[in-house]
Amino acid sequence: MVLLQNSRLLVTSALPYANGHIHLGHVVEYAQTDIWVRAMRMKGRRVVYVCADDTHGTAVMMRARQEGRSELEIIGSMSEAHQRDFEALQIRFDHYGSTHSEENRRFAGEIWKAFRDAGRVTETHVEQLFDPIEKIFLADRFVKGSCPRCKAKDQYGDNCDKCGATYEATELLDPRSTLSGAVPELATAEHLLVSVEPDRPWITEWIQAEGRMPREMANYLKGFFLGQPFRDWDVSRPAPYFGFEIPDAPGHYFYVWFDAPIGYLAATSQWCERTGEKFDDWWRSSECEIVHFIGKDIVKFHALFWPSMLKLGGYSLPSRVHVHGFLTVNGEKMSKSKGTFVLASTYLAHLDPAYLRYYYASKLGSGVDDLDLNLEEFIQKVNAELVNKVINLASRSAKFVATTGLTSSYPDDEGLFARAAAEGDEVEKAYEAFDFAKVTRLVVAMADRANEYVDRKAPWALAKQPGKEAEVVEVCSVALNLFRQLVVYLAPILPKLADDVAALFGVPNDSFACARTALVGTPVTVYTHLMKRVDPKAVEAMVEASRVETAAAAVAPVAQGAPSAQGEVLDDDGASLAADPLAPECSIDDFSKVDLRIARVLSAESVPEAKKLLKLEVSLGGDERRTIFAGIKAHYAPEQLVGKLVVVCANLAPRKMKFGMSEGMVVCAGDGQGVFVLTPDAGAKPGMRVR
RNA sequence: GGGCCCAUAGCUCAAUCGGUCAGAGCCCCCGGCUCAUAACCGGGCUGUUCCUGGUUCGAACCCAGGUGGGCCUACCA
């Protein structure tokens, strides 16, 4: 570990993008960072934790146009929503800013000037497609057309997902703007690039320093980027663009990824302004170490470009770039149709944030592995470990000392308290090493020992024997002290519980040192449940609510590459329509050529060798049956479909596929991300025509 | 096709330098208890540590090859 023991710490989480709400995938990162920050504070370190909304770029601009609102309105309301979610999740920043701030403009300008002064800015002309209606240059993701190689329709401007060809957007056949549907024109745009190649030698070394980042990430960067010259980085976008105009290049704007990480600087600066701290003490001081928490998708920006920017600007480099994996739910990617794409606000409407914080912590090691939220395990683990073992200690002992309080001197407890106190070092080390799973393992083991002790001493039996009153109080004083010790160790993960327990005894739990000394003579207030068991029905309700919410929701036109940009738009904002414009008008005769029928799914099986295909057997009524291969494996389990009525195109020319003949097509709605099979209302029968 | 990571009981995972490390929790079964949020305690149960070969006095841990996953990326390492 590169971290020094006594320096101050500046900690960041990646900036959530202003185009979508916080969901459970985001929470992995913010909860993890928050836990680490709290743990470092409880060790006595000075820590500042900053974050901000990432606001710039085409996605926000287009959303503003579609909704007829200004960008400022959109980023304003999204920032509020984000902060509300974080607050409810007990994720506490010292400062939460926005990349759309004067400070950020200033820092971006300064770093830009540093590139200029170093002679590292070059210009280039890029032939790019231009939307004559929206008056905007089209990024690859905003153009669709036919693949120049295999002629597959509806492909984005960078590569073909049918044949895998890569090409320039300008090579697409029949290109269309996904924004307006217009035929794009070829236009020349001037772009500004910065060179990062001069930094490659020292970045190569910097990345591989012990503890800089998880080993597999360092290997990945080394193998993938560092072995060859860095290409110049295109950091400008032509107007119109929602962002900062480049000071010495009118008409050019900073690309969102240029000013996004600079948001870390700006947020710190705002915090300094507010608190009277000196900025240079945090970003230009050997006494301060910087720790970034990021997802593995954005490691390139944080480990290659960002150090280069910092160095040129004269700022400190990060001591640690802590990289985590993605969230899966029940073993697979979050799925809207399965209701496992859960927004933070939806979770919070049904469940206590403490459960999620605990569960995530119990699964977080120091590596980059994806974290699976298995909902069954979530219920079982939280109930068994947290409520049944830890909380139970207080629950089973508190009432015996309600009138007496804790003993005035700490009784003999067979060394249990001392042992757990000694293990505090291990707990602290595990926190520091980001191994929160180990923390929970240690704590659960301590709780087991404590429960075993209470069981052996059986205070409930003693209470029935006259003259043993003092002994009862002793046993329960031990139990409560052991309990509080656990709560102190868990405090970074469960700050609310720590506060509640502090109130129970009237003694704070704000430092790991609190776990070293037993409480004596302390009065105990009336005990009420500190945490309820997870109700499986609430989990079900949350999944159901997510299914409903997202089924009704439109999808963001593009998932933009900003920090942790896993966000989605969740209302009927026309984004889907914009992303996939209406086809040219057709006649009723044209339409009649397509014979759509209701069909019943008789069987469905996944094609093991195929990535995307399910093999369906459908009935059109009577003996008319069809075998259809549908590319919906990623979105539907075979058993979800069996027995369902669906709409199929019955007169589609049969198509020979690798796995057999497909004799029709199941009609689905989709936008490239979600896929939704259409089903008729009750009463429809197989064979009915759809007009 | 290339790169990286991973592979331990039904499930989720542990196991400082290769040396009682083959473990914990959950699940399941049996027993106890009744203070506690149908919670707690005790006992039992399952493993050729993916396979094959090698190094070593000794390997889950090191090396080679293979198989199977995950992620990234693509005619380029």
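Because the structure is predicted, anything quoted here is derived from the model rather than measured. So you know, we letter chains A, B, ... as the sequences are listed, proteins then strands, and number each from 1.
- Nearest-nucleotide positions on RNA chain B for A:Met217 and A:Tyr527 put A:Met217 closer to the 5' end.
- The local environment of CZ in A:Arg231 is sparse, with at most 12 non-hydrogen atoms from other residues, nucleotides or ligands closer than 6.0 Å.
- Atom CZ of A:Phe400 is separated from atom P of B:U34 by 12 Å (rounded to the nearest Å).
- A donor-acceptor pair under 3.5 Å is absent between the side-chain atoms of A:His529 and the main chain of A:Met531, judged by distance alone.
- Within the nucleic acid shown, A:Asn388 comes within 4.0 Å of sugar-phosphate atoms alone, with no base atom in reach, counting heavy atoms only.
- Contacts of A:Lys457 with the nucleic acid, taken as non-hydrogen atoms under 4.0 Å apart, are absent.
- The local environment of CD in A:Glu469 is crowded, with over 12 non-hydrogen atoms from other residues, nucleotides or ligands closer than 6.0 Å.
- Rounded to an integer number of Å, the gap from CZ of A:Phe326 to C1' of B:C71 is 8 Å.
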request  = Go ahead and write out RNA chain B as dot-bracket, 5' to 3': ( ) for pairs within the strand, [ ] for ones crossing earlier pairs, | when the partner sits on another strand, dots for unpaired; Watson-Crick or G-U wobble, both distances under 3.5 Å.
outcome  = (((((((..((((.........)))).(((((.......))))).....(((((.......))))))))))))....
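- For A:Leu371 and B:U12, the CG to C1' distance is 11 Å, given to the nearest whole Å.
- With both ends at atom P, the span from B:G25 to B:G44 equals 12 Å, rounded to whole Å.
- Remark: the separation of the P atoms in B:G53 and B:C61 is 14 Å, to the nearest Å.
- A salt bridge does not link A:Arg441 with A:Glu426: none of the charged nitrogens is closer than 4.0 Å to a carboxylate oxygen.
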Extract from the structure each pairing of a protein N or O with an N or O of nucleotides 28-33 of chain B at less than 3.5 Å, listing the distance.
none

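- When heavy atoms are screened at a 4.0 angstrom cut-off, A:Lys438 is found touching no nucleic acid atom at all.
- The closest donor-acceptor contact from the side chain of A:Thr204 to the backbone of A:Arg200 lies under 3.5 Å.
- A donor-acceptor contact shorter than 3.5 Å is absent between the side chain of A:Asp199 and the backbone of A:Ile203.
- Within 6.0 Å of the CD atom in A:Glu452, the count of heavy atoms belonging to other residues, nucleotides or ligands exceeds 12.
- A:Phe434 and A:His322 have their aromatic ring centers within a separation under 6.0 angstrom.
- Note: CE (A:Met531) to C1' (B:A36) measures 16 Å, nearest angstrom.
- Between the CG atom of A:Asp370 and the C1' atom of B:C4 there is a distance of 14 Å, rounded to whole Å.
- In this entry the distance linking NE2 of A:His324 with P of B:C71 reads 17 Å, nearest Å.
- Two residues, A:Lys399 and A:Gly365, neighbour RNA chain B, and the one matched to the more 5' nucleotide by heavy-atom proximity is A:Gly365.
- Residue contacts for A:Ile391: at a heavy-atom cut-off of 4.0 Å it reaches a base atom on one of the strands shown.
- Spacing between B:C57 and B:G18 at atom C1', rounded to whole Å, works out to 12 Å.
- Figure legend: A:Lys296 and A:Phe326 shown as a cation-pi pair, the cationic atom lying under 6.0 angstrom from the six-membered ring centre and within 45 degrees of its axis.
- The shortest distance between the side-chain N/O atoms of A:Lys296 and the OP1/OP2 oxygens of B:C5 is not below 4.0 Å.
- Among the candidates A:Tyr431, A:Tyr489, A:Trp36, A:Tyr360, the single residue satisfying the ring pair (Phe, Tyr, Trp, His ring centres under 6.0 Å) test with A:Phe436 is A:Tyr431.
- Atom name C1', nucleotides B:C28 and B:A64: the rounded distance is 42 Å, in whole Å.
- Taking atom C1' in both B:U48 and B:U8, the straight-line distance is 13 Å, to the nearest Å.
- A salt bridge does not link A:Lys389 to A:Glu385: none of the charged nitrogens lies less than 4.0 Å from a carboxylate oxygen.
- Comparing the C1' positions of B:G31 and B:A15 gives a spacing of 31 Å, expressed to the nearest Å.
- Straight-line distance between the C1' atoms of B:G10 and B:U16: roughly 30 Å, to the nearest whole Å.
- Taking atom C1' on both nucleotides, B:A7 is separated from B:A14 by 16 Å, rounded to a whole Å.
- Using a 4.0 Å heavy-atom criterion, one finds that A:Lys389 contacts the sugar-phosphate atoms exclusively.
- One atom, CZ of A:Arg441, and another, C1' of B:C26, lie 15 Å apart when rounded to the nearest Å.
- Between the CD atom of A:Glu377 and the C1' atom of B:G10 there is a distance of 14 Å, given to the nearest Å.
- Across all strands shown, A:Val387 has heavy atoms under 4.0 Å from base atoms, whether or not it also approaches the sugar-phosphate.
- A:Leu530 comes within contact range of at least one nucleobase, with a heavy-atom separation under 4.0 Å.
- Comparing B:C40, B:G42, B:U37 by their nearest atom to the side chain of A:Arg396 picks out B:C40.
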